[in-house]
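On a predicted model such as this, the values are computed, not experimentally measured, just so you know. All residue numbers refer to positions in the sequence shown, counting from 1.
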Amino acid sequence: EAQSYVAYLESIKNYEVDGKNIGRIFSTGSSFFIESEYILTNHHVIDKGEEFYFYLNDNQPPRKAKLVGYDKEMELALLRPEDPNFKPAAVAQLGDSDDLKEGEFVFTVHSPFNWGLNVSWGLVTKSNARITGAYQPRMILSETVINPGSSGSPLAMLTNTLVNKQGQVVGVNFAVVGKFNQLAASIPINDVKKLLPRLKAGGRVKHVAIGVATANSWEVPPSKYQELNLEMPKKQGVIIGQIGPDSPAEKADLKLGDLIVAYNGQPIGKNQDFLMKLALDTLPCDEIVLQILRGDQYLLKKVVPEEITD
C-alpha cells in the first residue's frame, strides 16, 4: 500500500541572468500523501521552487502541485494537488512515534537518485536522539538506507509484536548522519502532527528563540563549571551555559548557571523537554514564564521570545 501513497517530487525554479530566462533548475525528492488533499515532504526539497510536480507509481504523467505551508527550521513542507478533484489511491496512516523502540524494524519507500520507487529497511538504533546543532529537538535514527532523492519519504513500522501497527508512518526521513556507519535521521511523526495545523494555515511556520545554550546539568563535566566559574548545581535539571548579548534571556535577567525547572508552569526534567516546548508549543506572540533555581533560590522570570528569521 505504501507504494500507492508515496510520490516522487520535482521542484523547479526558472533561472534568469540579466532578466533573461536561460534554463530551469530541478530539485528532486520523495513525498507522501497524509490526507486525500495533502502531500508531506522536506523543506529543502521545495526550497526556492516555483513549480512543483509529483509522480505516483501509476504510470501516469506528472501532476502539478502547489505549496501550502513550510517550516524551514523543522524541515517540513506541505503541498496539495493543483487539481481539486484528484484523490490518491491511498494515504499514509500516521502512527505514534513515541511508541517506537530501539531494535524494532522500520522501512521506507523512497525515490533515490530518481530511480523510481525503492524499498529499504533496517533497525531503529535510537528512537529519541538529539544531534548537536540541529534545530529539531529530537529525531529517530535507523539503519534504513537513504540517499539523495530520499528526502521527504516516510519511515514506517515493519513489525510490532505488541499491537498490529504494520505500515503506520512514524517519521519523515530528512538526512543522513554519521561519517562511517551512516544512519537515516527522521523527524518523529508526533512532532509533525503538532505542526500540521500551522502548516495547513499557509505560509512559513514561525519559530522562536530566547538566546540561550542549554544542557542537561548531569552531562556537563566538572571542568566546564570551573571554566565558567560556576558552582555545580545542587539539583539535576536544564542548565544555562551561554546567553547571547541583548537576547530575550539577557533582558529577562537570566544568568549563566541558572537551572530551568519549569516552563509556563509545567515541570522541565531534561534539556529535550525544554527544546520541545520552544520548537513545538511556543509562538512569536507568546510570553514564557520560566521557573529557575539560582543557588538556593527559586525565581520566576518572564521571557518575551524573538522570532527566528533568515
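The closest side-chain heavy-atom distance from Tyr263 to Thr282 is below 4.5 Å. Counting heavy atoms from C-beta on, the side chains of Ile146 and Val176 come closer than 4.5 Å. You'll find the side chain of Asp246 reaches within 4.5 Å of the side chain of Lys251, heavy atoms only. Taking 4.5 Å as the limit, some side-chain heavy atom of Glu51 sits within range of a side-chain heavy atom of Asn14. Counting heavy atoms from C-beta outward, Phe33 and Ser4 have side chains that stay 4.5 Å or more apart. In this structure the side chain of Asp273 reaches within 4.5 angstrom of the side chain of Lys270, judged on heavy atoms. Phe54 places none of its side-chain heavy atoms less than 4.5 Å from the side chain of Thr41. Looking only at side-chain heavy atoms (C-beta outward), Ile240 and Ile260 come within less than 4.5 Å of each other.
Hydrophobic clustering places Ile189 together with Leu183 (ILVMFWY residues linked when any side-chain heavy atoms are closer than 4.5 Å, directly or through intermediates). Note: the hydrophobic cluster containing Ile243 also contains Ile292 (ILVMFWY, side chain heavy atoms under 4.5 Å, direct or indirect links). Both Val68 and Ile39 are part of a single hydrophobic cluster, where members link through side-chain heavy atoms under 4.5 Å apart. Under the 4.5 Å side-chain heavy-atom criterion for ILVMFWY residues, a single connected hydrophobic cluster contains both Val261 and Ile268. Residues Met139 and Phe274 do not share a hydrophobic cluster, defined by chaining ILVMFWY side chains whose heavy atoms lie under 4.5 Å apart.
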Practice task
Using the side-chain contact (heavy atoms from CB on, under 4.5 Å) rule, take Tyr225 and Ile239 through it: C-alpha gap first, then chi angles, then the decisive distance, then the call.
Solution key: CA-CA 11 Å; Tyr225 289 104; Ile239 193 166; 3.4 Å; yes
Practice task
Mind running salt bridge (Lys or Arg N to Asp or Glu O under 4.0 Å) on Glu219 and Lys224 for me, showing each step along the way?
Solution key: CA-CA 10 Å; Glu219 295 177 343; Lys224 192 65 177 179; over 6 Å; no
Handout entry: Stepwise side-chain contact (heavy atoms from CB on, under 4.5 Å) test for Ile34 and Leu78
Key = CA-CA 10 Å; Ile34 57 170; Leu78 196 67; 4.0 Å; yes
Handout entry: Leu76 and Val205: CA distance, side-chain angles, deciding distance, side-chain contact (heavy atoms from CB on, under 4.5 Å) verdict
Key = CA-CA 9 Å; Leu76 296 168; Val205 174; over 6 Å; no
Practice task
Decide yes or no on side-chain contact (heavy atoms from CB on, under 4.5 Å) for Leu56 and Phe86, but give the supporting numbers first.
Solution key: CA-CA 12 Å; Leu56 287 165; Phe86 174 80; 3.4 Å; yes
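Between the Ser27 side chain and the Val45 main chain, a donor and an acceptor come within less than 3.5 Å of each other. Between the side chain of Asn271 and the backbone N or O of Asn216 there is no donor-acceptor pair closer than 3.5 Å. Within the 3.5 Å criterion, the main-chain N or O of Gly152 finds no donor-acceptor partner in the side chain of Ser31. In this structure, the side chain of Asn264 engages the main chain of Val289 through a donor-acceptor pair within 3.5 Å. Put simply, the side chain of Arg130 gets close to the backbone of Gln136: a donor and an acceptor are under 3.5 Å apart. Looking at Glu102, its side chain does come within 3.5 Å of a backbone N or O of Ser127 through a donor-acceptor pair. In terms of modelled atom types and a separation under 3.5 Å, the side chain of Asp286 and the main chain of Leu283 share a donor-acceptor contact. For Lys234 (side chain) and Met232 (main-chain N/O), no donor-acceptor pair under 3.5 Å exists by modelled atom type. A donor-acceptor pair under 3.5 Å is absent between the side-chain atoms of Gln291 and the main chain of Gly265, judged by distance alone. With hydrogens and angles ignored, the 3.5 Å screen pairs a side-chain donor or acceptor of Ser217 with a backbone N or O of Gly237.
A donor-acceptor contact closer than 3.5 angstrom is absent between the side chains of Thr144 and Thr108. No side-chain N or O of Ser111 forms a donor-acceptor pair with one of Tyr55 less than 3.5 Å apart.
Residue Glu75 holds its CD atom at 13.0 Å from OH of Tyr135, rounded to the nearest 0.5 Å. To the nearest 0.5 Å, the span separating NZ on Lys72 from OG1 on Thr309 amounts to 9.5 Å. To the nearest 0.5 Å, the span separating OG on Ser142 from CD on Glu104 amounts to 12.0 Å. Between atom CZ of residue Arg204 and atom OH of residue Tyr70 there is a gap of 5.5 Å, rounded to the nearest 0.5 Å. From Lys193, atom NZ reaches atom CG of Leu196 across 9.5 Å, with rounding to the nearest 0.5 Å. Distance check, rounded to the nearest 0.5 Å: OG1 of Thr28 to CD1 of Ile46 gives 13.5 Å.
Dense packing is recorded around NZ of Lys87, with more than 12 heavy atoms of other residues, nucleotides or ligands lying under 6.0 Å away. Surrounding NZ of Lys200 are more than 12 heavy atoms belonging to other residues, nucleotides or ligands, all under 6.0 Å away. Heavy atoms of other residues, nucleotides or ligands lying less than 6.0 angstrom from CD of Glu231 number 12 at most. Around CG of Asp83, the count of heavy atoms belonging to other residues, nucleotides or ligands within 6.0 Å exceeds 12.
Nearest approach of Val208 to Ile308, heavy atoms of both residues: O-CD1, 3.6 Å. In terms of heavy-atom proximity, Val304 sits nearest to Pro248 at O-CB, 3.2 Å. Taking all atoms of both residues into account, the shortest heavy-atom contact from Glu250 to Pro245 is OE1-C, 3.7 Å. Listed here is the closest heavy atom pair of Ser150 and Asn173: O-CB, 4.3 Å. In plain terms, the two heavy atoms of Pro305 and Val303 that are nearest each other are CD-O, 3.4 Å. When every heavy atom of Val91 is checked against every heavy atom of Ser36, the shortest pair comes out as CG1-N, 3.8 Å.
When His207, His43, Arg198 are each tested for a side-chain hydrogen bond (donor to acceptor under 3.5 Å, both in side chains) with Asp71, only one passes: His207. The only member of Lys235, Lys301, Arg294 that meets salt bridge (charged side-chain N to carboxylate O under 4.0 Å, His left out) when paired with Asp258 is Arg294. Residue His110 forms a side-chain hydrogen bond (donor to acceptor under 3.5 Å, both in side chains) with just one option from Ser120, Ser153, Ser151, and that option is Ser120.
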